[in-house]
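This report concerns only the one structure given below.
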Amino acid sequence: MNKEKATAPGRVNKKLLSAIEKQRVTALGLSHAKLRPERILDGITDAFYTLDREWRFTCLNKEAENLLRRSRSDLLGKVIWEEFKEAVGTIFDHECRRALVENTTVKFENFYAPLDGWFEVHVYPLEDGLAVYFNDITKRKQSEQARQEAEARIRQQASLLDKATDAIIVHGIDHRIQFWNQGAQRLYGWTPEEVLGKSIEMLYDNPLAFHEASKLLLNKGEWRGEIAQRRKDGSILLAEAHWTLVKNDEGQAQSVFAINTDITQRKMAENKIEHLAFYDSLTGLPNRQLLLDRLSQALSARARKHRMGALLFIDLDNFKLLNDTFGHDLGDLLLQQLAPRLISCIRESDTVARLGGDEFVVILITDFSENYEESLAQIKAICERIHSAFNQPFNLRAYKHHSTASIGVVLFNDQSHTTDELLKQADLAMYQAKASGRNAMCFFDPDASGNECLHPSGGGFAQKLEEKRICSPLSAPDG
Ligand SMILES: Nc1nc2c(ncn2[C@@H]2O[C@H](COP(=O)(O)OP(=O)(O)OP(=O)(O)O)[C@@H](O)[C@H]2O)c(=O)[nH]1
């Protein structure tokens with residue numbers, strides 16, 4: 001029913017006016033003359049009619065009959081406002097009267113409810129009335145309305161995306177940025193104008209992690225993870241990323257829809273809490289909790305590798321005296337200075353922890369020799385290094401202080417003892433070292449204290465251990 005056409009209004013108007021003119025100069029009573037202009041006008045695809053100054057239909061073409069759903073014979077001579085009562089008071093009414101009064105041409109679009117349609121209407125003043133021609137533009141209006149609604153929806157969705165606190169970014173498979181919401185601007189500092197069309201790699205100082213994640217995304221269609229990114233000012237942030245691959249109808253990857261949440265603060269808080277839970281606040285060393293965790297991991301790893309490990313229980317000698325003489329603060333200072341010294345004695349895979357007070361524990365899991373004697377010698381050498389760490393005096397503000405320690409050592413190479421049992425044994429060995437006069441190291445001897453026997457797995461380890469009860473005095477610290 002779309003009767004829109006490309007006929008230029010000027011051209012139609014010319015034909016129309018010439019037809020009207022013919023009608024005007026011919027007496028109304030001459031039927032052949034009355035029909036001629038209507039025949040001409042029936043050839044025009046626009047609907048049109050004429051009205052006299054009393055608003056009566058004087059002429060009507062076929063298309064007007066179609067659109068108005070009324071026949072020519074039914075309307076000619078009738079007053080428009082009586083036949084189309086719903087038009088009274090509408091823009092149509094107003095504009096027709098204006099054309100007549102002001103003797104001017106008017107053009108407008110009008111929805112006429114009884115016909116349930118939109119019409120584009122041109123009204124031309126004539127000497128004895130008005131010429132009206134019109135098109136049904138309902139379909140065009142509907143599609144315009146649908147487009148406007150779709151645009152409004154897109155605008156609304158885009159504004160929702162902008163309201164999101166997260167960064168929402170779309171980039172093509174070629175990495176070029178296609179969409180950048182206000183959340184992204186807030187998070188990274190770049191405006192959309194600065195980034196659109198540029199490579200998403202600009203967010204990465206080291207794009208290696210990005211390429212790894214992109215590979216997984218292409219394989220699986222989705223990637224979730226934490227990734228370090230950089231802001232416009234160069235600062236680094238940690239983002240929790242959720243990326244989805246967008247495919248076209250043929251199933252080909254087209255773009256990546258990314259939602260990135262800044263978790264830098266959250267991570268820092270989590271790290272701080274974790275640190276408080278697992279590290280000693282005075283020295284920064286792992287605390288008892290983390291020590292037990294690492295020890296249990298060390299036990300299972302040793303059992304797998306059939307290699308020896310050692311647990312060292314270190315207790316400072318006469319630390320109470322230092323506290324009592326110089327004050328708790330200086331005692332703290334010594335403990336703080338001792339921590340890096342102990343760390344320097346071991347390898348990265350080993351652990352040094354503070355149990356509390358003046359007690360430290362070291363887990364040695366660095367690959368020792370498969371040969372028992374050799375590994376024993378290696379462990380002894382590390383114990384010697386630890387004792388040497390005490391050789392240098394501690395600078396406790398105005399004082400230089402010398403300290404020594406007693407070390408208890410227990411060996412392990414399987415999971416036949418629990419972490420608590422091993423700690424107890426190392427503690428007992430440490431007491432043996434104290435009993436031997438302090439500043440000494442002592443290997444755990446199950447017979448000496450009557451405590452539970454060590455049952456390491458493997459050939460001669462148990463016998464050799466018994467043979468190797470070592471309680472050796474160490475070199476006296478200088479000064
Ligand atoms: N400065 C300081 N002292 C602490 C801390 N925690 C415990 N202590 C003290 O450390 C001392 C530990 O002394 P002990 O190990 O019992 O005895 P000691 O004087 O070292 O004697 P031996 O171990 O037998 O050589 C006590 O005086 C505790 O009050 C701490 O965080 N800072």
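Quantities reported herein were computed from a predicted structural model and do not represent experimental measurements. Whatever order the structure lists ligands and atoms in, that order sets their numbers, starting from 1.
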Quiz prompt | ring pair (Phe, Tyr, Trp, His ring centres under 6.0 Å) contacts in which one or both residues fall within residues 324-367, not counting sequence neighbours | solution = F326-Y399
Quiz item: Charged N to carboxylate O below 4.0 Å: is that the case for E95 and K107?
Solution: no
Quiz item: Under a 4.0 Å N-O cut-off, is there an ion pair linking E149 with R153?
Solution: no
Quiz item: Any idea how F390 and H387 line up, ring-wise: parallel (<30°), tilted (30 to 60°), or perpendicular (>60°)?
Solution: tilted
Quiz item: Excluding sequence neighbours, so at least two apart, what forms side chain to side chain donor-acceptor pair (under 3.5 Å) with D324?
Solution: K320
Quiz item: Using a 4.0 angstrom limit on heavy atoms, which residues are close to ligand 1?
Solution: D315, L316, D317, N318, F319, K320, N323, H328, G331, D332, L335, R354, G357, D358, K434, R438
Quiz item: Who pairs with D174 by side chain to side chain donor-acceptor pair (under 3.5 Å), at least two apart in sequence or on another chain?
Solution: none
